Amino acid sequence: MTAVFEDDLASVRRANAELQQRLDERTAERDEALAREAAALRAELSRQQQLIAMLREPTTEIVALSGLEPARAARARMVWNAPLGGLLVAAGLPPVPAGKTYQLWAIAGKNPPVPAGVFTVDAGGSASLRVPPLAGMGKVDVFAVTLEPAGGLPAPSGPMYLAGKS
C-alpha cells in the first residue's frame, strides 16, 4: 500500500511540476507581451509629446492643401515647423492602386522638390503622416502630394493630387 501511495504521490508531484512549468512559461510570455505593449505606449506618448511641443511653438505654420485633378474633393492640412518637422492630415483622397503610394513633397524656391514621406489612405480616403525635420530645408514654399510607385521616388513623376502654399 505504501508503494502505491508513493507512486501516486510521485505522479502528483510530476503533474504539479509540469503545471508549474506551464504557469512559469505563460507568465513569462505575458510579461514579455506587457513589456512590448509598454514600449509601444512609451513610443506613442513620445510622438504625442513631440506633436504637442510643435503645436505650442509660435513659429509653427498650418498650410492648407487643396485637391487637384484627379481628386478635386481632397483636402489636407500640413502642420509644419522646420526644426521640429510636421504632420500631414489628409482626407478625400482616392484609394491607392496596387503598386502605388502617395508621396509628400516640400518645395523651397526654385529648388527641386524634397521627398518628405510616403503614405496610403484608409477605406474612407483619410491619412496622416508624421514628417521628420527635412535636412537643409528652412522655409517651405509649397507642399504637394503626388501618386508614385510603392516606396516613393527621389523626384516626383506621377500626377499631383494635393498642393498648398505656405
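Since this is a predicted model, take the numbers as computed values, not measurements.
Residues forming a side chain to side chain contact (heavy atoms under 4.5 Å, CB included) with Arg30 (at least two apart in sequence, or on another chain): Thr27, Leu34. For Leu147, the side chain to side chain contact (heavy atoms under 4.5 Å, CB included) partners at least two apart in sequence or on another chain are Val96, Pro97, Lys100, Tyr102, Pro159, Tyr161.
Here the shortest heavy-atom pairing between Met160 and Pro70 reads O-CD, 4.2 Å. The shortest heavy-atom contact between Gly152 and Val118 is CA-CG1, 3.8 Å. Closest of all the heavy-atom pairs between Ala108 and Met137 is CB-CE, 3.9 Å. Across all their heavy atoms, Ala64 and Arg77 have their closest contact at CB-NH1, 3.2 Å. Between Val121 and Pro94, the closest heavy-atom pair is CG2-O, 3.6 Å. Listed here is the closest heavy atom pair of Ser157 and Glu148: OG-OE1, 2.6 Å.
Contact annotation: the side chain of Met54 approaches that of Val79 to within less than 4.5 Å [non-hydrogen atoms, C-beta and beyond]. Between Leu93 and Leu162, some side-chain heavy-atom pair lies under the 4.5 Å cut-off. Taking 4.5 Å as the limit, some side-chain heavy atom of Pro115 sits within range of a side-chain heavy atom of Gln103.
Leu51 contributes atom CG, which lies 6.0 Å from atom CD of Gln48 (distance to the nearest 0.5 angstrom). A distance of 8.0 Å separates CD in Glu18 from CZ in Arg14, rounded to the nearest 0.5 Å. Atoms CZ and CG, on Arg72 and Leu68 in that order, are 6.0 Å from each other to the nearest 0.5 Å. Here the straight-line distance linking atom CG of Leu88 with atom CG of Leu129 works out to 6.0 Å at 0.5 Å rounding.
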Item to complete: Take Ser166 and Lys139, measure what side chain to side chain contact (heavy atoms under 4.5 Å, CB included) needs, and give me the verdict at the end.
Response: CA-CA 9 Å; Ser166 60; Lys139 172 84 170 111; 3.0 Å; yes
Discussion item. Pair Trp105, Val142 - check side chain to side chain contact (heavy atoms under 4.5 Å, CB included), show working.
Written reply: CA-CA 8 Å; Trp105 304 94; Val142 175; over 6 Å; no
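Inspection of the Asn16 and Gln20 side chains reveals no N or O donor paired with an N or O acceptor under 3.5 Å.
Hydrophobic clustering (side-chain heavy atoms under 4.5 Å, transitive across Ile, Leu, Val, Met, Phe, Trp, Tyr) groups Val89 together with Leu84.
Applying side chain to side chain contact (heavy atoms under 4.5 Å, CB included) to Met78 and the options Ile62, Val140, Val131, Leu87 leaves one that passes, Val131. Test Leu104, Thr146, Ile107 against Pro113 for side chain to side chain contact (heavy atoms under 4.5 Å, CB included) and you get one pass: Ile107.
Here the side chain of Asn81 pairs no donor or acceptor atom with the backbone of Gly85 at under 3.5 angstrom. Under a 3.5 Å cut-off, the side chain of Arg130 and the backbone N or O of Gly86 do form a donor-acceptor pair.
In this structure, Glu69 places its CD atom where more than 12 heavy-atom neighbours from other residues, nucleotides or ligands lie under 6.0 Å away.
Salt bridge absent: Glu29 and Arg26 never bring a charged side-chain N and a carboxylate O closer than 4.0 Å.
Every pair passing ring pair (Phe, Tyr, Trp, His ring centres under 6.0 Å) that includes a residue from residues 67-100 is listed here, sequence neighbours excluded: Trp80-Phe143.
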